[in-house]
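As the structure lists them, so they are numbered: ligands from 1, and atoms in each ligand from 1.
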Amino acid sequence: MDQLVTLHDKHFKVFISEQEIAETVNRMATNIKTDLGERQPFFLVVLSGAVVFAADLIRAFARPCELDFVKASSYDGTSSKGSVDLEFRWKQNLEGKAVIIVEDIVETGNTITRLYAELQKAGAASIRVASFLFKKDRYHQAHPIDYYGLSIGNEFVVGYGLDYNGLGRELKQLYVLA
Ligand code: IMP
Ligand code: MG
């Protein structure tokens with residue numbers, strides 16, 4: 001598998017292997033199972049980046065669950081633009097559901113903070129967050145990130161669903177700016 005990739009004008013090198021990704025996702029699924037017990041989660045997947053992680057997470061979870069999507073965008077190139085647009089939202093009724101927001105990465109927390117407010121309005125019984133990556137030092141919100149796979153620094157990463165201006169989502173490993 002390629003150790004270096006070029007997307008648009010930038011070069012990226014391997015950061016996290018496929019095997020470490022798989023182990024991380026399995027661990028997260030196990031933690032969710034333990035916490036929820038008999039309760040059935042409603043996974044709310046934040047498009048587009050979380051779609052690859054979500055596909056792996058629900059299969060690792062391997063128990064009955066529900067699934068719907070919301071499309072949020074807060075990024076322009078390699079930096080957060082601060083505001084969060086909800087381009088479309090779920091259609092199912094979330095009242096009384098144990099909702100788990102599924103994210104590829106949480107950075108400032110602007111995206112999940114916006115979603116928390118919307119999910120409270122929608123009457124969710126509980127709201128948790130499962131994010132594959134967490135840029136901990138950049139996060140200054142009150143809500144806990146209930147489940148995160150790996151904590152990373154302030155680097156820009158692509159692959160495993162994450163993109164740089166639309167490219168790189170299909171990469172099986174996670175890459176960082178070279
Ligand atoms: P937040 O709203 O600042 O927490 O940002 C979350 C969103 O920013 C994520 O869902 C990603 O779409 C995007 N994002 C943050 N960091 C990165 C990165 O390193 N690579 C690609 N996208 C990122
Ligand atoms: Mg995202």
Side-chain angles (χ1 to χ4, degrees), residues 2-18 20-21 24-25 28 32 42-58 67-90 99-121 124 127-178:
D2 290 342
Q3 294 298 301
L4 276 176
V5 295
T6 301
L7 304 171
H8 300 293
D9 56 332
K10 297 199 190 303
H11 305 292
F12 295 86
K13 61 181 183 210
V14 170
F15 184 40
I16 295 166
S17 70
E18 252 185 282
E20 188 175 351
I21 291 173
T24 302
V25 175
M28 293 176 77
I32 294 171
F42 190 111
F43 291 112
L44 184 68
V45 182
V46 185
L47 298 175
S48 302
V51 74
V52 176
F53 167 53
D56 286 344
L57 183 70
I58 63 167
L67 188 68
D68 207 340
F69 302 91
V70 58
K71 184 160 172 62
S73 65
S74 68
Y75 244 62
D76 189 15
T78 57
S79 60
S80 176
K81 62 180 166 59
S83 60
V84 179
D85 300 321
L86 289 194
E87 291 168 27
F88 66 77
R89 67 182 69 206
W90 56 94
V99 175
I100 301 183
I101 299 169
V102 181
E103 262 287 26
D104 48 1
I105 186 164
V106 171
E107 185 179 355
T108 62
N110 290 337
T111 307
I112 56 158
T113 300
R114 174 78 199 276
L115 288 174
Y116 253 92
E118 299 290 327
L119 290 169
Q120 270 163 346
K121 274 191 241 163
I127 306 167
R128 293 180 174 80
V129 179
S131 182
F132 180 63
L133 299 170
F134 186 21
K135 290 185 179 172
K136 237 183 192 163
D137 295 342
R138 300 264 301 147
Y139 186 74
H140 300 288
Q141 306 281 346
H143 321 289
I145 305 303
D146 306 86
Y147 312 99
Y148 62 87
L150 303 163
S151 161
I152 65 169
N154 195 15
E155 48 250 321
F156 186 78
V157 296
V158 295
Y160 198 59
L162 293 123
D163 72 308
Y164 166 50
N165 276 345
L167 296 182
R169 297 193 193 279
E170 76 286 359
L171 299 167
K172 290 184 178 171
Q173 307 174 95
L174 200 74
Y175 292 76
V176 66
L177 271 176

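Checked against the 6.0 Å centroid threshold, Phe12 and Tyr175 do not count as a close aromatic pair.
Annotation: the span from Tyr148 atom OH to Leu133 atom CG amounts to 11.5 Å, rounded to 0.5 Å.
Of the candidates Thr24, Leu174, Ile105, Thr24 is the only one forming a side chain to side chain contact (heavy atoms under 4.5 Å, CB included) with Leu150.
Within the 3.5 Å criterion, the main-chain N or O of Asp85 finds no donor-acceptor partner in the side chain of Lys71.
The closest approach between any non-hydrogen atom of Asp163 and ligand 1 is below 4.0 Å. Residue contacts with ligand 1 include Lys135, since one or more of its heavy atoms lies under 4.0 Å from the ligand. Remark: distances from the non-hydrogen atoms of Arg114 to ligand 1 are all 4.0 Å or more.
Comparing Ile105, Val46, Val158 by heavy-atom distance to atom 11 (C) of ligand 1, the nearest is Ile105. Across Asn154, Leu174, Asp104, heavy-atom proximity to atom 10 (O) of ligand 1 is greatest for Asp104.
Listed by atom number, the atoms of ligand 1 under 4.0 Å from Thr111 heavy atoms are 1 (P), 2 (O), 5 (O), 6 (C). Atom numbering of ligand 1 starts at 1 in the shown order; those under 4.0 Å from a heavy atom of Thr108 are 1 (P), 2 (O), 3 (O), 4 (O). Annotation for ligand 1: atoms under 4.0 Å from non-hydrogen atoms of Leu162 are 20 (N), 21 (C), 22 (N). Using a 4.0 Å cut-off to heavy atoms of Phe156, the atoms of ligand 1 that qualify are 18 (C), 19 (O), 20 (N), 21 (C). Against a heavy-atom cut-off of under 4.0 Å, Glu155 is close to the following atoms of ligand 1: 19 (O).
Here the shortest heavy-atom pairing between Arg89 and Val70 reads CA-CG2, 4.1 Å. Taking all atoms of both residues into account, the shortest heavy-atom contact from Gly168 to Leu7 is CA-CD1, 3.9 Å.
Considering backbone and side-chain N/O of Gly109, one or more are found under 3.5 Å from N/O of ligand 1.
At a 4.0 Å heavy-atom cut-off, ligand 1 touches Glu103 through the side chain alone.
Between Phe134 and Tyr139, the two ring planes are perpendicular [angle over 60°; tilted spans 30° to 60°].
Taking the side chain as every heavy atom from C-beta outward, Val176 and Ile16 never approach each other to under 4.5 Å.
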